[in-house]
S.K.: 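Please see the structure below; I have some questions.
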2 protein chains.
Amino acid sequence: MSQATASRAATARRGVGVPKARADAARNRERILHAAREAFVAHGAEASLDEIARSAGVGNATLYRHFPDRDVLVHGVMHFVTDRIVELGEQALRESAEPFEALACFVRGAAEERIGALCPMLSDRFDPDEPENLASRRRVEQLTQELLRRGQEAAQVRADIGVGDVMVALSQLTRPLPGVRCGQLDRFTARHLQLYLDGLRAPAPSRLPGHAATLEELRPDD
Amino acid sequence: MSQATASRAATARRGVGVPKARADAARNRERILHAAREAFVAHGAEASLDEIARSAGVGNATLYRHFPDRDVLVHGVMHFVTDRIVELGEQALRESAEPFEALACFVRGAAEERIGALCPMLSDRFDPDEPENLASRRRVEQLTQELLRRGQEAAQVRADIGVGDVMVALSQLTRPLPGVRCGQLDRFTARHLQLYLDGLRAPAPSRLPGHAATLEELRPDD
DNA sequence: CTCCAACCGGAGAGCTCGTCCCCGTTTTGC
DNA sequence: GCAAAACGGGGACGAGCTCTCCGGTTGGAG
């Protein structure tokens, strides 16, 4: 996301008339979001807030000042990640000539942006019907849908997969495995994503069990 | 694993001269191992023991009687899973004519046996040099190696992957995603495994980054 | 069938860890 | 240079986890 776009989005979310945050406050807010993103990917939505503050290099009070409770932080990370993912997807649609390559770019980028952190989106701690959340999910879903559709129409992506297949597998493959040093695991992640992507190519060499699903179907209260 | 084999293995581990356990005790031990396996896959080696006892349908005291502390339980689950995986792999080698199909059978079976529970094998809580642990890891590794080698020699499996690629991805793809109901996720797991397997087929449609790794390289103290 | 040793499970003590607030100190921007 | 805003360390409080104690129950040998 460009600096200007980010700034506009931030202003929009803060609302009008609210005084601009001080420079150090903005910087800390950003640091906390990054740290929280990593923590949520690694430990789920119940990661320790003190731990997040520590790895962000700020005091715990600073975290609580920016995000009064856990839910606010979860939502903050959610929208932070969603914004970046959407930007990424639009860029992939815009710049990649080959539909499969566009999907691959998106997948690799989404992995870097820790799309796995969106899994709290599917948790109890998250109201799926709140308008802003609904909009976030829809945006990511439609974007992925579009990338898939193009690939499938060009017969570069197998026809029997859906949005849910991409999103869920992507989340799984990029999560740290407990007990493995992160550095070690990152070396694997890129390989596994590539292997998975290779499995998505058309023509399909096998028949998949079950059926493709949307993100909607993954909601806990189904 | 056959009943007889399981019994022999159990006797071997219990040692000679120790009186046979009562039927209900043996049954509870088994239940606890199953529950602990699920919990370790879901939450890593630090899963709550009381929670394990509850989902096993036994009192917590029963758990502590069978497994005096967490380490003993971790080891118990480890060897329980290892035994089943090895049996599975040997069966796949024995019964499948096609090398790729053998690998696929093994992978699917290992997923059912929650091979992801072996990730504590890579954790701090685990002495990788203790002879029995070393042997377990070696057995699984050699078996997977052999399945891979056959597939690769028959040019059915791409040449640029290693044991670590299979084991790690398998663990990741079969782990429950936090916030997703298990029932929902199981439907996906089979699909994703198949997609990943399709990515393993020869000829390789892409070049993988990095290099194949053994389980040895995944040890935390590298 | 009877009996007792082995086993079981609930309840609770002790402790660790996570959450959240208070307040003296530092930083920012005008 | 100063006032307002933000910072961070420390600590009270509570939740949850580990592990133990003990009265009741069950399996199976004789």
Side-chain angles (χ1 to χ4, degrees), chain A residues 7 10-11 14-15 17-36 38-77 120 123-125 178, chain B residues 7 10-11 14-15 17-36 38-40 42-77 120 123-126 178:
Chain A
S7 165
T11 304
R14 207 169 50 236
V18 180
K20 194 177 63 183
R22 249 170 58 172
D24 54 345
R27 184 169 7 103
N28 279 338
R29 191 191 148 88
E30 202 81 355
R31 278 190 196 166
I32 292 170
L33 283 173
H34 273 88
E38 304 302 312
F40 288 157
V41 174
H43 308 116
E46 311 299 319
S48 154
L49 297 189
D50 270 33
E51 177 62 33
I52 291 174
R54 203 173 316 123
S55 70
V58 304
N60 54 5
T62 302
L63 190 152
Y64 284 98
R65 203 170 307 111
H66 284 285
F67 305 96
D69 65 25
R70 180 181 290 278
D71 285 355
V72 177
L73 179 59
V74 169
H75 280 72
V77 170
S123 86
D124 300 328
R125 177 173 294 287
Chain B
S7 165
T11 304
R14 208 170 50 237
V18 179
K20 191 176 58 172
R22 248 171 60 171
D24 54 346
R27 188 179 44 237
N28 279 338
R29 190 190 149 87
E30 202 80 355
R31 277 190 195 166
I32 291 170
L33 283 173
H34 273 88
E38 304 302 313
F40 288 157
H43 308 115
E46 312 299 320
S48 153
L49 297 189
D50 270 32
E51 176 62 36
I52 291 174
R54 202 172 318 125
S55 69
V58 303
N60 53 6
T62 302
L63 189 153
Y64 285 100
R65 202 172 306 109
H66 285 286
F67 305 96
D69 65 25
R70 180 182 291 278
D71 285 355
V72 177
L73 179 58
V74 169
H75 281 72
V77 171
S123 86
D124 301 329
R125 177 172 295 287
F126 194 83

S.K.: Considering non-hydrogen atoms only, spot the tightest contact between A47(A) and F40(A) and give its length.
M.R.: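 Nearest heavy atoms, A47(A) then F40(A): CB-CD2, 4.2 Å.
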S.K.: Rounded to the Å, how far apart are L73(B) CG and dC17(D) P?
M.R.: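 So the CG-P distance, L73(B) to dC17(D), works out to 15 Å.
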S.K.: At a heavy-atom distance below 4.0 Å, what parts of residues 57-65 of chain B sit against DNA chain C?
M.R.: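 Correct list: G57(B), V58(B), G59(B), N60(B), A61(B), T62(B), R65(B).
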S.K.: Classify the nucleic acid contact of D50(B) as base, sugar-phosphate or nothing, counting any heavy atom under 4.0 Å across all strands shown.
M.R.: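 Touches a base.
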S.K.: Grab the CZ-C1' distance between R29(B) and dG27(D) for me, whole Å please.
M.R.: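 Going from CZ in R29(B) over to C1' in dG27(D) covers 19 Å.
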S.K.: Please determine if a side-chain N or O atom of H66(A) lies less than 4.0 Å away from the OP1 or OP2 oxygen of dC7(D).
M.R.: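 H66(A) to dC7(D) OP1/OP2: side-chain N or O found under 4.0 Å.
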S.K.: Report the residues that fulfil ring pair (Phe, Tyr, Trp, His ring centres under 6.0 Å) with H43(B), sequence neighbours left out, ordered by chain and then residue number.
M.R.: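 For H43(B) there are no ring pair (Phe, Tyr, Trp, His ring centres under 6.0 Å) partners, ignoring immediate neighbours.
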S.K.: Could you tell me the separation between the CZ atom of F67(B) and the P atom of dC19(D), rounded to a whole number of Å?
M.R.: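 Distance check: F67(B) CZ to dC19(D) P gives 14 Å.
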S.K.: Which distance, rounded to the nearest 0.5 Å, do you find between the NE2 of H66(B) and the CG of N28(B)?
M.R.: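 Answer rounded to 0.5 Å: 5.5 Å.
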S.K.: Roughly how many Å is it from CD in E30(B) to P in dC8(C), rounded to a whole number?
M.R.: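 Value for this atom pair: 14 Å.
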S.K.: Give A26(A) one of three labels, base, sugar-phosphate or nothing, depending on what nucleic acid heavy atoms sit under 4.0 Å from its own.
M.R.: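 Counting heavy atoms under 4.0 Å across all strands, no contact is made by A26(A).
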S.K.: Rounded to whole Å, how long is the line connecting atom CD of E46(A) with atom C1' of dC17(D)?
M.R.: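 Value for this atom pair: 16 Å.
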S.K.: Expressed in angstrom and rounded to an integer, what is the separation of H43(A) atom NE2 from dC17(C) atom P?
M.R.: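 Taking NE2 of H43(A) and P of dC17(C), I get 14 Å after rounding.
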S.K.: Treating D69(A) as the side-chain partner and V72(A) as the backbone partner, does any N or O pair qualify as donor plus acceptor under 3.5 Å?
M.R.: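 Yes: the side chain of D69(A) pairs with the backbone of V72(A).
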S.K.: Measure the shortest side-chain to side-chain distance between R54(B) and E51(B) over non-hydrogen atoms and say whether it is less than 4.5 angstrom.
M.R.: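 In short, these two side chains touch, coming nearer than 4.5 Å.
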S.K.: How about V77(A) and F67(A): do any of their side-chain heavy atoms sit closer than 4.5 Å?
M.R.: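 Not in contact.
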S.K.: Quick check on DNA chain D: between P68(B) and A23(B), whose nearest nucleotide comes earlier from the 5' end?
M.R.: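 First, find each residue's nearest nucleotide; the 5'-ward one identifies P68(B).
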S.K.: Which whole-number value in Å describes the distance from N28(B) CG to dG27(D) P?
M.R.: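 To the nearest whole Å, that distance equals 11 Å.
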S.K.: I'd like to know if R22(A) reaches the base of dA5(D) with its side chain such that a donor and an acceptor end up less than 3.5 angstrom apart.
M.R.: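 It does, because a donor-acceptor pair links the side chain of R22(A) to the base of dA5(D) below 3.5 Å.
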S.K.: For the atom pair CZ (R29(A)) and OG1 (T62(A)), what is the distance rounded to the nearest 0.5 Å?
M.R.: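 Separation between the atoms: 13.5 Å.
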S.K.: Whole angstroms only, please: what is the CD-P distance between E51(A) and dC20(C)?
M.R.: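 So the two atoms are 16 Å apart, to the nearest Å.
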S.K.: If you assign D24(B) and S48(A) each to the DNA chain C nucleotide with the nearest heavy atom, which residue ends up on the more 5' nucleotide?
M.R.: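 Checking each residue's closest nucleotide, the 5'-ward one belongs to D24(B).
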S.K.: Could you say whether A25(B) or L49(A) is positioned toward the 5' end of DNA chain C, judged by the nucleotide with the nearest heavy atom to each?
M.R.: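 Looking at DNA chain C, the more 5' nearest nucleotide goes with A25(B).
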